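I have placed the structure first, in the form of structure tokens, so that the comments after it can refer back to it.
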Amino acid sequence: MLDWGAFGFQESTGYAGYGPFWTGERSMSTTMVEKGPDIFTALVDRYTNQELWGFNPLQNGYVEIWNEPNIIGINTVIKDGGFPNPANNEQYEYSAEFPNYMWDGTPEQFYEFFANTAIQLKNTFPEIKIGGPGLHNVGLGLPVIDPPASSYKIEIGFEWTENFLSYLSERDVDLDFFSWHLYESDPEEFLTFYDDTQDLLAKYGYESTEQVISEWNTTFANDNASSVLGAAQSNAIWIALQNNAPNLTETIFCRGADGPFVPGGDGFPVQIDANGNNLGPPDFGQYGVGLVTKDGDYKPVAHAFSYWSNMSGRETVSIDQFYSVPTDEKWLYSLAGLQTGSQGRDLNVLISYLSESSDLKEDVVLDVFEVAKSFEMNVDSIVVTAINADFFPPNVIPLSDSGLLTLPADQVVSIQMGDYITGEKLCYEVDEFQSDVGTLDASQSSSWDIVGVDDMGDFDICFSTGRLFFREIPEFNSPTDSDSDNIYSVVVEADSSFEAVRQEISVEIVELTDSLIGGIAIEGNA
């Protein structure tokens, strides 16, 4: 997706520039109304130039026009007791520090700019999907504000969106997709937003328009987005949208800027009172909202992302009958996907059980062996892992002899099984004090991941090259493998766009003799 807004141009990675919002002598809105269509056309023309890039980066792509033009109540001065929800437009004004935050003109100017730009882009690039506007959540009339708190922001936000869609409809603008943003920890909130958006689009004749969530994440105050619970919430949201939002074609997880992530830091917008004091949440956490820390450590949600990637292209199947409770409960989120590759068939299952949303007093149990039997999978191939520790890889969860799995609460659980056992084990010998195991190869261009089993926490693998290495330098006299015999077992997966293939690997640590330390020969004394 190509996105343009007040943050400046964002390349297809979607990483916000956090630069000055606008530095032109004329107002941003005036410039965009007059020249916006031509600016966008020149921009998209560059990114579809096959001679320049060697291919068309936007082939079958999306172009999103703008970012949160309707945002209210952030980067604003709150006056006369209006915090946190001003009751009228006399209780807030835009901060002088950020005078052009997102859109500095009237809503009507934005509607005109958007319509003119969308029409010109569609006429010039009919093969590209054109949409927007990256709506801030208040534009959908949500969340509901209970008295005595004011719902003023929500009401005028919803009015903004209705006027926007009415204007586009009157001008017969072809809207390929409608995009919106949400940061919430409850998956049901996302489904409410989706359903209400679908109703709103249908009201103005856009019932066939795709929905795109062009920014989403769980809540991130107090480092929630970097926690095990945050990963479980994100996983549940992702599953809920997969299962219940058929007209949603894209969701873009906002990785943001990472730590320290505090109000006033690194260009993140802040909310202030008339005296310039920060009114934002007191703690946005130390680690930001990204997948990795600034030091490159994987957060729990990064491992969840790896699980999601593994579900791509699979046939969705139901395993509802194998749970001990109904799966339509609002706190149990499950997705199972089946695929066939050169080695055979395999099944992946992703689960989040969110205990905070449940008043259940009993365990939630899944009969994994019955799942395997139903899909004719080999029970010896089953690997169950859970994301249950911050900044550590997933851990293997042992199954009972009966194959019953009691689901851990507020964690991401992955179950993988196949109708085959991985081929002959690949064996390596590695000298102690050496971290590299070797670089794996696949017959197709593939991405690499570690998927099991006993000693997976001891290894890491380069996503793109297949280089397998120990996380900590191994020492023969201090083994960390599961049975402490200096033979480590790990299962890696090569995933192309067509299939995923797994390989079991055994790595034996070889003790260096006293005369060979660090590769330097030392002569002994007679």
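This chain uses plain numbering: 1 for the first residue, then up along the sequence. The model shown is predicted, which means the values in this text are computed figures rather than measured ones.
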Below 30° counts as parallel, above 60° as perpendicular, anything between as tilted: where do the rings of Trp308 and Phe305 land?
tilted
Taking side chain as C-beta onward, heavy atoms only, is Leu291 less than 4.5 Å from Lys299?
no
For residues Glu184 and Ile237, determine if any side-chain heavy atom of one lies less than 4.5 Å from a side-chain heavy atom of the other.
no
Is Thr219 close to Tyr183 at the side-chain level, that is, under 4.5 Å between some pair of heavy atoms?
no
Taken in chain and number order and not counting sequence neighbours, the residues that satisfy side chain to side chain contact (heavy atoms under 4.5 Å, CB included) with Phe158 are Glu162, Leu200
Counting C-beta onward and ignoring hydrogens, is there a side-chain heavy-atom pair between Ile213 and Trp180 closer than 4.5 Å?
yes
Quick check: do Gln339 and Asn348 have side-chain heavy atoms less than 4.5 Å from each other?
no
Residues Asp186, Lys330: salt bridge by 4.0 Å N-O rule
no
Contacts of Leu191 that satisfy side chain to side chain contact (heavy atoms under 4.5 Å, CB included) - sequence neighbours left out
Glu188, Ala240, Leu241, Asn244
Quick check: Phe114 with Trp66 (ring centres under 6.0 Å apart)?
no
Output all residues satisfying side chain to side chain contact (heavy atoms under 4.5 Å, CB included) with Thr439, sequence neighbours left out; order by chain, then residue number.
Arg467
In terms of the angle between their ring planes, are Phe164 and Phe110 parallel, tilted or perpendicular, with boundaries placed at 30° and 60°?
tilted
Distance-only polar pair, side chains of Asp410 and Ser355, donor-acceptor under 3.5 Å
yes
Describe, in one word, how the ring planes of Tyr167 and Tyr111 are oriented to each other, choosing from parallel (under 30°), tilted (30 to 60°) and perpendicular (over 60°).
tilted
